[in-house]
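This report concerns only the one structure given below.
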Amino acid sequence: MPRRYLLAPTTWKAVQETQYTVAILPWGATEAHNYHLPYATDCIQADYVAAEAAKVAYSRGAKVIVLPCIPFGVQTGQLDIPLCINMNPSTQAALLADIVHSLDVQGVHKLLILNGHGGNDFRQMIRELQPQTRVFLCAANWYQLADRTKFFEESGDHADELETSVMMHIAPTLVRPLEEAGDGKQKQNRIKAMREGKVWSPRPWTKISADTGVGNPYKSTPEKGKAFLDAVIAYLADFLVDFAQADTANLYE
């Protein structure tokens with residue numbers, strides 16, 4: 001069955017026959033994920049969520065198209081970890097501007113950046129780029145589209161119970177046995193305000209974690225991953241339908 005909501009496998013003939021209104025740009029990273037998850041974890045997850053939500057939205061009449069995932073994210077705090085590939089925010093901004101310009105001249109005037117990496121932050125890029133384009137720009141972190149506390153017991157934000165459970169569901173052959181994983185323990189900042197999250201600075205990864213993980217993965221299960229993803233995908237699909245139908249010049253009442 002043709003999957004016209006995915007650009008990579010779709011032919012030009014099919015694209016010509018479809019008037020797309022919303023583009024979805026998954027954006028991941030290439031980085032270490034403890035000892036048990038692959039370097040491409042953020043890309044695999046963002047791609048999967050984008051495709052599954054687009055499939056639902058497309059079946060409901062929304063003409064959405066998922067662009068190929070950008071595989072490199074901001075890794076300035078992980079440059080001492082082999083093959084963590086960094087893309088600076090300024091480079092991301094230039095790449096985003098080129099993609100947006102392509103969409104603009106081709107008549108696709110709505111774009112969702114679906115982020116899968118905590119080190120990426122597109123808000124300031126969107127603030128700068130929006131006045132220069134007819135494309136309505138927005139961004140979401142897919143892993144924040146459902147309440148993690150309803151699905152997972154352990155906190156964390158990197159190769160933790162959430163990410164591990166999700167990967168167990170969508171790519172189980174890429175997940176090493178949990179007994180090989182580190183415990184994902186994070187060292188705490190000595191400065192109180194930074195420890196409490198009221199003052200921010202980038203985390204130097206090898207100084208905060210012995211295994212590159214942040215969060216205990218040992219209670220992960222594929223069932224937890226599926227339940228969380230079901231909630232995320234349902235929420236995102238609803239948004240895509242609303243976004244496709246919306247008059248972005250008249251959003252407020």
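Along the sequence shown, the residues carry numbers beginning at 1.
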So do [Y] and [X] actually touch side chain to side chain, heavy atoms under 4.5 Å?
X: Y143; Y: V232; answer: no
X: L7; Y: V15; answer: yes
X: I170; Y: Q45; answer: yes

Subject >> Separation of F151 CZ from S165 OG (nearest 0.5 Å) >> reply: 11.5 Å

Please tell me whether [X] and [Y] are part of a single hydrophobic cluster in this structure, the criterion being side-chain heavy atoms less than 4.5 Å apart.
X: Y218; Y: L37; value: no
X: F228; Y: L145; value: yes
X: I191; Y: V199; value: yes

Original post:
Can D157 and R203 be said to form a salt bridge (Lys or Arg N to Asp or Glu O under 4.0 Å), step by step?
Top reply: CA-CA 12 Å; D157 64 13; R203 291 179 287 186; 3.0 Å; yes

**OP:** Determine, stepwise, if the pair K219 / D160 fulfils salt bridge (Lys or Arg N to Asp or Glu O under 4.0 Å).
**Re:** CA-CA 9 Å; K219 295 181 180 179; D160 57 345; over 6 Å; no

With a 3.5 Å cut-off and no angle check, do the side chains of [X] and [Y] form a donor-acceptor pair?
X: T206; Y: D80; answer: yes
X: N120; Y: N115; answer: yes
X: S209; Y: D211; answer: yes

Original post:
Around atom CD of Q188, are there more than 12 heavy atoms of other residues, nucleotides or ligands at under 6.0 Å?
Top reply: yes

Original post:
Should we say atom NZ of K63 is surrounded by more than 12 heavy atoms from elsewhere, each under 6.0 Å from it?
Top reply: yes

**OP:** Any pair with a residue in residues 95-118 that passes ring pair (Phe, Tyr, Trp, His ring centres under 6.0 Å), sequence neighbours left out, goes on the list, sorted by first then second residue, please.
**Re:** none

Original post:
Would L178 and H36 count as a side-chain contact (heavy atoms from CB on, under 4.5 Å) if you check the C-alpha gap in whole Å, the side-chain angles of each, and the deciding distance to 0.1 Å?
Top reply: CA-CA 7 Å; L178 288 180; H36 63 294; 4.1 Å; yes

**OP:** Apply side-chain contact (heavy atoms from CB on, under 4.5 Å) to the pair I24 and I113, showing each step before the final yes or no.
**Re:** CA-CA 6 Å; I24 307 159; I113 305 166; over 6 Å; no

Lys/Arg N to Asp/Glu carboxylate O, [X] vs [Y], below 4.0 Å:
X: E17; Y: R4; answer: yes
X: K55; Y: E52; answer: yes
X: D121; Y: R123; answer: yes

Subject >> Worked verdict on D147 versus T149 for side-chain hydrogen bond (donor to acceptor under 3.5 Å, both in side chains) >> reply: CA-CA 6 Å; D147 182 357; T149 64; 2.6 Å; yes

Original post:
Should the ring pair Y58 and Y20 be called parallel, tilted or perpendicular, given that the plane angle runs from 0 to 90° and is split at 30 and 60?
Top reply: tilted

Original post:
Passes side-chain contact (heavy atoms from CB on, under 4.5 Å), T21 versus V64? Steps please.
Top reply: CA-CA 6 Å; T21 58; V64 300; 5.6 Å; no

Distance-only donor-acceptor pairs under 3.5 Å for side chains of residues 129-138, two or more places apart:
residue : atom : partner : partner atom : Å
Q130    : OE1  : L137    : N            : 2.9
Q130    : NE2  : V135    : O            : 2.8
Q132    : NE2  : E128    : O            : 3.0
T133    : OG1  : D104    : OD2          : 3.0
T133    : OG1  : V135    : N            : 3.0
R134    : NE   : D104    : OD1          : 2.7
R134    : NH2  : D104    : O            : 3.4
R134    : NH2  : D104    : OD1          : 2.9

Original post:
F243 ring centre to K110 NZ or CZ under 6.0 Å, with the angle to the axis within 45°?
Top reply: yes

Original post:
Is there any salt bridge (charged side-chain N to carboxylate O under 4.0 Å, His left out) pair reaching into residues 231-253, and which pairs are they, with sequence neighbours excluded?
Top reply: R60-D238

Original post:
Taking H158 for the side chain and A32 for the main chain, is one N or O donor matched with an acceptor at less than 3.5 Å?
Top reply: yes

Original post:
When the ring centroid of W27 is compared with that of F72, is the distance short of 6.0 Å?
Top reply: no

